[in-house]
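Whatever order the structure lists them in is the order used to number ligands and atoms, beginning at 1.
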Amino acid sequence: MRFHREPIPVHEAQEKILAYACGGAATETVSLLESEGRRLAEDIIATSPVPHFNKSPYDGFAVRSADTIGAAIQRPAFLQVVGTIACGDAPNLQVEAGQAARIMTGAALPEGADCVIMFEMTTENEAKAEKTVGVKKEMKPWENVILLGEETKEGERVIPAGKRIGPGEMAILATFGYARVPVYRQPRVGILSTGSELLAPEEPLRYGKIRNSNSYMLASQVRQAGGQPVIYASLEDDPDLAVERIQSILSEVDVLLTTGGVSVGDFDIMVDVFNRLEVDLLFNKILMRPGSVTSAARYNNRMIFGLSGNPGACFVGFELFARPFLQALQGKTSVGLPEMEAAMGVDMKKPSSFARYVRGVWKAENGKLTAYPVGLDKSAVVTNITDANCLIRVPAGGRGIAMGDAVTVLRLPYGADE
Ligand code: AMP
Ligand code: MG
């Protein structure tokens, strides 16, 4: 199988992967505060109407509109004040004809009243509690009343399953009394970098060696895609060791990401590992750059992504394949990076037989979206990933693209410091 590689288009590879994510992952119930950032495993239903009582939007007086007929600034209608209703009170008074009740913002409207007149439109003098109040405006029935169920009806679906819980969702969950929240479990994602050249970040540099940056880059990508990263110590280029380690890691995680060793070099062990484990190979070559050797396989009901060792290619491989898979496992309905059209900001007249995913930045310039590649677009370059807020998709063939040409931009959730 070593040199047997049948390249497939990106979208086909994505479809093959997503076929294994349907049904989503397991679910669990967590406290409301813990649910922030997670994805809902069930539709959230309004457990009561909002508001669940008629209430006042102002500080003022609850009155009967019929008592205000003909009232005007010069000709106030005087009413007898029979009580005060504060926020949180369950009013135990009745507003009869010729009467008014002082009422505060958010307080429940008392029986008998059908409108609220703001203090500003009355003769009310804040200094003393008057026994009567003059209403200086004719009121319509139900004017200035927030009606029961006006915002939400009981039983309405207020958040669909699969939605990520952010500030708006937290507010809704609290409103409807969801102290415990059903969410998708976060997939545990093992990260294993391979390469005898790799040093841990705490190790001093040695000639010929480099520090393992991919594992930490991937840990961030996994976390931002809702997974729980588990970094394993990096592996030497030894297929015997690799087979053993990968088997043991797969018993501890839901998904495994490996980096390095998927090319055709003398020490590229992953091909050997896949053969020995007799995995169910989904693909081992994609019509794209960088990362054409990105592979995926199933083993023991687990997905293994064999990402390239080149940091740029590893980054792109995660975004195009692992991200949508992890999102789908957590019930997200539209997966992958959001796409939009932009104009290319520079010439890139380098023809390529494979579609290219160029790390870039998009910005709005004179009301138009423009995309620029970031620095050196070499797949081995680590230090410009920090600048990228998108991948620019440059189609295969032709003469590359010219400045001003339309391109598709895949928006990354990183890069811009917001
Ligand atoms: P490979 O895919 O194993 O052939 O690796 C391709 C290139 O990426 C080599 O120059 C490696 O040294 C580099 N590389 C591989 N793994 C890592 C890693 N975990 N962190 C940083 N660079 C890496
Ligand atoms: Mg290697």
Taking distance alone, no hydrogens or angles, what donor-acceptor pairs closer than 3.5 Å link side-chain atoms of residues 8-15 to residues at least two apart or in another chain?
| from | atom 1 | to | atom 2 | distance (Å) |
| --- | --- | --- | --- | --- |
| Q14 | NE2 | L320 | O | 2.9 |

Considering only non-hydrogen protein atoms, determine which one is nearest to atom 7 (C) of ligand 1 and report residue, atom name and distance to 0.1 Å.
N310 OD1, 3.4 Å
Do N384 and R359 have side-chain N/O donor and acceptor atoms under 3.5 Å apart?
yes
For E236, is the CD atom crowded, meaning more than 12 foreign heavy atoms sit under 6.0 Å from it?
no
Considering only heavy atoms, does V382 approach ligand 1 within less than 4.0 Å through its side chain, its backbone, both, or neither?
neither
Angle class for the F321/F283 ring planes (parallel below 30°, perpendicular above 60°, tilted otherwise)?
tilted
Contact between ligand 1 and S213 is defined here as a heavy atom of the residue under 4.0 Å from a ligand atom; is it met?
yes
Is V262 touching ligand 1 with its side chain, its backbone, both, or neither, if touching means heavy atoms under 4.0 Å apart?
neither
Cation-pi, Y184 ring and R39 (6.0 angstrom, 45 degrees)
no
Only one of R185, R223, Q186 forms a side-chain contact (heavy atoms from CB on, under 4.5 Å) with Q228, so which one is it?
Q186
What is the nearest protein non-hydrogen atom to atom 19 (N) of ligand 1, stated with its residue, atom name and distance?
N212 OD1, 2.9 Å
Among all protein heavy atoms, pick out the one at the shortest distance from atom 18 (C) of ligand 1; state its residue, atom name and that distance to 0.1 Å.
N214 ND2, 3.2 Å
Shortest protein contact, atom 23 (C) of ligand 1 (heavy atom only)
G309 O, 3.4 Å
Contact bool for atom 10 (O) of ligand 1 (protein heavy atom, d < 4.0 Å)
no
Return the residue, atom name and 0.1 Å-rounded distance of the protein heavy atom closest to atom 22 (N) of ligand 1.
I210 CD1, 3.3 Å
Got an N/O contact under 3.5 Å between S193 and ligand 1?
yes
Exactly one candidate in E28, E169, Q330 meets side-chain hydrogen bond (donor to acceptor under 3.5 Å, both in side chains) with R38; the answer is E28
Quick check: does G261 get an N/O under 3.5 Å from an N/O on ligand 1?
yes
Can you confirm, on distance only, whether ligand 1 has an N/O atom lying under 3.5 Å from any N/O atom belonging to S308?
no
Would you say CD of E365 has more than 12 non-hydrogen atoms from neighbouring residues, nucleotides or ligands within 6.0 angstrom?
yes
Enumerated ligand 1 atoms positioned under 4.0 Å from heavy atoms of T259
19 (N)
Does a side-chain N-to-carboxylate-O contact under 4.0 Å join D59 and R102?
no
Any chance the side chains of N212 and S234 put a donor and an acceptor closer than 3.5 Å?
no
What's the shortest distance from atom 4 (O) of ligand 1 to any protein heavy atom, and which residue and atom give it?
D268 OD1, 3.8 Å
Among all the protein's non-hydrogen atoms, which is closest to atom 12 (O) of ligand 1, and how far away is it?
E197 OE2, 2.6 Å
